[in-house]
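Protein chains get the first letters and strands the later ones, always in sequence-line order, with residue 1 at the start of each. Heavy atoms only: backbone and side chains are in, while hydrogens, waters and symmetry mates are out.
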Amino acid sequence: MSERKVRVRFAPSPTGPLHIGGVRTALFNYLFAKKHGGDFILRIEDTDQARYVPGAENYIQESLEWCGIKIDEGPKNGGPFAPYRQSERKDLYRQYAEQLIASGHAYYAFDTSEELDMARTQAEAKGETFTYNALSRQAMKNSLSLSEEVSNVILNASTHYVIRFKMPDNEDVTEVDLIRGSVTFNTATLDDKVLFKSDGMPTYHLANVVDDHLMQITHVIRGEEWLPSMPLHVLLYRAFGWESTMPRFTHLPLILKPEGKGKLSKRDGDKLGFPVFPLLWNDPATGESSRGYREDGYFKEAFINMLALLGWNPGTEQELFSMEELGQIFSLERVGKSGARFDPEKTKWFNHQYFIQKSDEELAQLFLVELQNKGVEAPLALAIKVCGMVKERCNFVSEIWDQSYFFFQAPTAYDEKIIAKRWKDDVPVLMENIAVFFETLKAWNPAEIKEPFSNFVTEKEWNFGTIMNALRLCLVGGGFGPDIFEICETIGKQETISRIRMAIRQIQ
RNA sequence: GGCCCGUUCGUCUACCGGUUAGGACAUCAGGUUUUCAUCCUGGAAAUAGGAGUUCGAUUCUCCUACGGGCUACCA
């Protein structure tokens, strides 16, 4: 059993965009596979046609691709266990459900949803919860409570029946969870879960176990919301006689809201202003769109790095990891047990780290696209130079413009606060003197502007801070930006002088 | 309600019986930047509570509290 090649799967259901919790589950599966030289399988669990959302599967596929999570087998690239979409495997499940009936592990149930609702309401009235189990199943309509003849009559007359698992009466089921240790459930607290629905489709439980077995999955790594169904799944493996090749189970802690109670939801992102999804999602039903990390300007490396460290840590103080590195050092033992609150601020920090690691050229290419969208024409060389000057103060490509627009155009407005602070009554005259002085300069580069400029200001006995800050206001329109002489050089002598005179005219 | 899982600075977490309980984000204070940001230095900041076990508990056990998940012919 330990000889088997590691095979893991990510098995989302295409009911909407994959949220970051799902991406993290996929990531941990992928990293586990990489670490052990195994395979990563994508399986689409579309057994609920009512909740099927067009485009969702494609979204999932594209999200994983953007993240750099490579799929070894899946609906798009195929593989030896195709198909990888459960709707296309539909015909296969019935025989397994019937096998369970034949072996006495399952039975037909004929109760209508109205009858079940009634049973629930009645129980509720008595302050109890209705459970379809060993205690109640004799009172319900099924092939266990009814005679074989009656059952067969119903079976032949209608297709409206389900197949339920015959949950043992009172039995402890213990199974090891790789990050939590051994967990025990008593079957008396569990119910007779539906395995096969009246629409001819299997439920998650049946399809999941059958496919994991058929696809030779060795490790099931999924969200903590599945922990309560682990005993059912274990019992199914036993009932099928597959216990010797049953996968090991691991349940990942959930991602919680940044503030308040509960698990992270789409609403939190809207409210707090951060994406909850990897990619932009346009809902085909409501027409609503949700922001994505990719479109918000996050680098995938930063996104992955952030996700990897949410619930997992390497045990060292290193925080920056490439996908490659993660694939070498990831281990399930180092995944935490408790839910992790999501921190959008830290994600920005990660992005900054990757942002400043990028070369000026790489950033310039991205920045050029932004410039184009703004209708600004600029040579690559200038974009590279500008990126080099301002990258330290940005987290995103979209922030470069705000830090550097003055390299491409004269300021159209002047920051009121800076005017109040730096533009005293005597400043216009001083600035005109500076403009005249600049006209006399021959050389125009930072060093050869700075030296004569300093001498000039010193000679005049003007206050340095006054001059420098006012000059910055003239050239930039605000009180920020890179070295002032670098700016002078980059925009050119004529433009520098013209901006000074324009500011004198415009600032009141 | 029942079942299961969890609980270390505000947040993510390290320390798998002996530490001045470490790091990162955020925050605060200095410094650099004749600007802003970056950056550098420093500060404040935690073992949920109570019983055990032990020479010694953040670490092991139990109870309580709190948090989370599940409790569908959804996954």
Side-chain angles (χ1 to χ4, degrees), chain A residues 11-15 45-48 50-51 109 111-113 116-117 120 124 127-132 160-164 177 179-181 183-186 188-191 193-205 207-208 222-231 251 253-254 256 258-259 261-263 306 309-319 333-334 336-350 352 356 390-395 399 403 415 418 421-422 454 457 463-473 476 478-484:
Chain A
S13 93
T15 55
E45 310 225 324
D46 53 350
T47 52
D48 184 0
R51 291 208 310 156
D111 318 275
T112 64
S113 49
L116 287 169
D117 281 345
R120 289 192 187 101
E124 208 172 310
E128 292 163 6
T129 309
F130 173 74
T131 310
Y132 211 120
H160 199 84
Y161 61 86
V162 300
I163 296 174
R164 284 183 183 270
D177 175 291
I179 69 183
R180 272 158 235 281
V183 183
T184 301
F185 296 83
N186 189 289
T189 66
L190 273 21
D191 65 341
K193 276 273 176 295
V194 171
L195 300 177
F196 197 83
K197 300 186 276 188
S198 59
D199 64 0
M201 279 288 204
T203 60
Y204 169 82
H205 304 290
N208 191 265
R222 76 235 291 198
E224 194 182 352
E225 69 268 27
W226 293 112
L227 188 54
S229 52
M230 182 167 73
H251 295 91
L254 266 19
L256 275 20
E259 47 192 59
K261 294 181 173 186
K263 60 176 177 177
M306 173 277 290
L309 253 34
L310 200 56
W312 172 85
N313 77 85
T316 66
E317 282 174 4
Q318 184 180 349
E319 292 206 277
E333 294 83 73
R334 297 212 64 92
K337 293 179 173 66
S338 52
R341 257 181 212 284
F342 182 68
D343 183 2
E345 284 306 312
K346 188 122 189 195
T347 314
K348 284 184 189 159
W349 178 80
F350 275 115
H352 179 71
I356 58 179
V390 305
K391 72 197 246 189
E392 288 288 342
R393 56 228 310 146
C394 299
N395 293 325
E399 291 173 354
Q403 291 296 332
D415 188 314
I418 304 296
K421 196 172 167 192
R422 309 290 193 190
S454 302
V457 174
N463 179 284
F464 249 103
T466 305
I467 301 296
M468 294 293 280
N469 288 306
L471 181 57
R472 177 174 294 280
L473 181 60
V476 171
F480 63 96
D483 179 79
I484 197 76

S.K.: When the nearest nucleotide of RNA chain B is assigned to A:Pro253 and to A:Gly479 on a heavy-atom basis, which residue is associated with the more 5' position?
M.R.: A:Pro253
S.K.: Counting heavy atoms from C-beta on, name the nucleotide in B:C73, B:U71, B:G69 closest to the side chain of A:Pro228.
M.R.: B:G69
S.K.: What does A:Asp191 touch in the nucleic acid at a heavy-atom separation under 4.0 angstrom: a base, only the sugar-phosphate, or nothing?
M.R.: nothing
S.K.: If I take atom CZ in residue A:Phe196 and atom C1' in nucleotide B:C73, what distance separates them, rounded to the nearest angstrom?
M.R.: 11 Å
S.K.: Measure across A:Pro202 and A:Ala207 and return the closest heavy-atom pair with its distance rounded to 0.1 Å.
M.R.: CG-CB, 3.7 Å
S.K.: When you compare B:C3 with B:U8, how far apart are their P atoms, in angstrom units rounded to a whole number?
M.R.: 25 Å
S.K.: Checking all strands, does A:Asp111 fall into the base, sugar-phosphate, or nothing category for heavy-atom contacts under 4.0 angstrom?
M.R.: base
S.K.: Check whether any side-chain nitrogen or oxygen of A:Thr316 sits under 4.0 Å from OP1 or OP2 of B:G23, and answer yes or no.
M.R.: no
S.K.: Could you check whether A:Lys263 gets within reach of a base, just the sugar-phosphate, or nothing at all, counting any heavy atom under 4.0 Å?
M.R.: sugar-phosphate
S.K.: Mind checking salt bridge (Lys or Arg N to Asp or Glu O under 4.0 Å) for A:Asp415 and listing every partner two or more places apart, or none if nothing turns up?
M.R.: none
S.K.: Would you say the side chain of A:Thr189 and the base of B:C3 hold a donor-acceptor pair, judged only by whether the two atoms sit under 3.5 Å apart?
M.R.: no
S.K.: For residues A:Leu309 and A:Pro314, report the shortest heavy-atom separation together with the two atoms involved.
M.R.: CD1-CD, 4.4 Å
S.K.: Could you work out which one of B:G68, B:U7, B:C15 sits closest to the side chain of A:Ser338?
M.R.: B:U7
S.K.: According to the Watson-Crick and G-U wobble definitions, with both distances under 3.5 Å, which nucleotide is paired to B:G1?
M.R.: B:U71
S.K.: Set out, line by line, the N/O atom pairs under 3.5 Å between protein and nucleotides 39-43 of chain B.
M.R.:
none

S.K.: Measure the distance from NZ on A:Lys391 to C1' on B:A37 and round it to the nearest whole Å.
M.R.: 15 Å
S.K.: Who are the salt bridge (Lys or Arg N to Asp or Glu O under 4.0 Å) partners of A:Asp48, not counting sequence neighbours?
M.R.: A:Arg51
S.K.: According to side-chain contact (heavy atoms from CB on, under 4.5 Å), who are the partners of A:Asp483, at least two apart in sequence or on a separate chain?
M.R.: A:Phe485, A:Glu486
S.K.: So what does A:Thr47 hit on the nucleic acid, given a heavy-atom distance under 4.0 Å: a base, only sugar-phosphate, or nothing?
M.R.: sugar-phosphate
S.K.: Hey, does A:Gly311 reach any base, or is it just sugar-phosphate, or nothing, if we go heavy atoms under 4.0 Å?
M.R.: sugar-phosphate
S.K.: If you compare every side-chain N and O of A:Lys197 against the phosphate oxygens of B:C74 (OP1, OP2), does one of them come in below 4.0 Å?
M.R.: yes
S.K.: Taking N or O atoms only and anything under 3.5 Å, show me the protein contacts with nucleotides 59-67 of chain B, one pair per line.
M.R.:
{"unit_1": "B:G67", "atom_1": "OP1", "unit_2": "A:Lys261", "atom_2": "NZ", "d": "2.6"}

S.K.: With sequence neighbours excluded, tell me which residues meet salt bridge (Lys or Arg N to Asp or Glu O under 4.0 Å) with A:Lys263.
M.R.: none
S.K.: For the side chain of A:Tyr204, counting heavy atoms from C-beta on, which of B:A75, B:C73, B:U71 is nearest?
M.R.: B:A75
S.K.: On a whole-Å scale, what distance lies between the C1' atoms belonging to B:U71 and B:C12?
M.R.: 31 Å
S.K.: Separation of A:Gln318 atom CD from B:C12 atom C1', in whole Å?
M.R.: 16 Å
S.K.: Check every atom of B:U35, B:C73, B:U13 against the side chain of A:Arg120 and return the nucleotide holding the closest atom.
M.R.: B:C73
S.K.: Can you tell me how far P in B:A29 sits from the matching atom in B:G67, rounded to whole Å?
M.R.: 34 Å
S.K.: State the CG-CG distance between A:Leu256 and A:Leu310, to the nearest 0.5 angstrom.
M.R.: 9.5 Å
S.K.: Look at all strands and tell whether A:Thr15 reaches a base, only sugar-phosphate, or nothing, counting heavy atoms closer than 4.0 Å.
M.R.: nothing
S.K.: Look at all strands and tell whether A:Pro482 reaches a base, only sugar-phosphate, or nothing, counting heavy atoms closer than 4.0 Å.
M.R.: base
S.K.: For A:Trp226 and B:A72, what is the distance between atoms CH2 and C1' respectively, to the nearest whole Å?
M.R.: 12 Å
S.K.: Any salt bridge between A:Asp343 and A:Arg341, counting N to O under 4.0 Å?
M.R.: no
S.K.: Nearest to the side chain of A:Phe185, which nucleotide is it out of B:A75, B:C73, B:C4?
M.R.: B:C4
S.K.: Name the closest nucleotide to the A:Val183 side chain, picking from B:G69, B:C4, B:A75.
M.R.: B:C4
S.K.: Please name all residues satisfying ring pair (Phe, Tyr, Trp, His ring centres under 6.0 Å) with A:Tyr161, sequence neighbours left out, ordered by chain then number.
M.R.: A:Tyr108
S.K.: Using whole Å, what does the distance between atom C1' of nucleotide B:G2 and atom CD of A:Glu128 come to?
M.R.: 12 Å
S.K.: Give one of base, sugar-phosphate or nothing for A:Arg222, where a contact means two heavy atoms less than 4.0 Å apart.
M.R.: nothing
S.K.: Nearest whole angstrom, please: distance from the P of B:A26 to the CZ of A:Phe342.
M.R.: 14 Å
S.K.: Suppose you measure atom C1' in B:U54 against the same atom in B:G31; what distance do you get, rounded to whole Å?
M.R.: 50 Å
S.K.: Which whole number of Å gives the distance between the P atom of B:C74 and that of B:C15?
M.R.: 43 Å
S.K.: For A:Leu190 and B:U71, what is the distance between atoms CG and C1' respectively, to the nearest whole Å?
M.R.: 10 Å
S.K.: Is any side-chain N or O of A:Arg180 under 3.5 Å from a base N or O of B:C5, one able to act as donor and the other as acceptor?
M.R.: no
S.K.: Whether A:Glu319 and A:Lys346 form a salt bridge (side-chain N of Lys/Arg under 4.0 Å from carboxylate O of Asp/Glu) is what I want to check.
M.R.: yes
S.K.: Please check the phosphate of B:C73 (OP1 and OP2 only) for any side-chain N or O of A:Arg164 closer than 4.0 Å.
M.R.: yes
S.K.: Exactly one of A:Arg222, A:Arg180, A:Lys337 should register a side-chain hydrogen bond (donor to acceptor under 3.5 Å, both in side chains) with A:His251. Which one does?
M.R.: A:Arg222
S.K.: Could you pull out all residues at least two apart from A:Asp111 that satisfy salt bridge (Lys or Arg N to Asp or Glu O under 4.0 Å)?
M.R.: none
S.K.: Out of B:G23, B:C25, B:C4, which nucleotide sits closest to the side chain of A:Asp343?
M.R.: B:C25
S.K.: Considering only the C1' atoms, how many Å lie between B:A51 and B:G68, rounded to the nearest integer?
M.R.: 26 Å
S.K.: Expressed as a whole number of Å, how far does the P atom of B:G10 sit from that of B:A44?
M.R.: 15 Å
S.K.: Under 4.0 Å, counting only non-hydrogen atoms across every strand here, what does A:Thr131 touch: a base, just sugar-phosphate, or nothing?
M.R.: nothing
S.K.: Closest approach of A:Arg334 and A:Asn313, non-hydrogen atoms and distance?
M.R.: NE-O, 3.1 Å
S.K.: Side chain of A:Glu319 only, heavy atoms from C-beta on: which candidate in B:A75, B:A24, B:A26 is closest?
M.R.: B:A24
S.K.: Find the distance A:Asn186:CG to B:C3:P and express it as a whole number of Å.
M.R.: 10 Å
S.K.: Across all strands, who's sitting opposite B:A21 as a Watson-Crick or G-U wobble pair, both distances under 3.5 Å?
M.R.: none
S.K.: In whole Å, measure the gap between the P atoms of B:U41 and B:U32 for me.
M.R.: 15 Å
S.K.: Distance check: side-chain N/O of A:Asn313 vs OP1/OP2 of B:A14, anything under 4.0 Å?
M.R.: yes
S.K.: Taking side chain to side chain donor-acceptor pair (under 3.5 Å) as the test, write out the residues that go with A:Lys197, two or more places apart.
M.R.: none
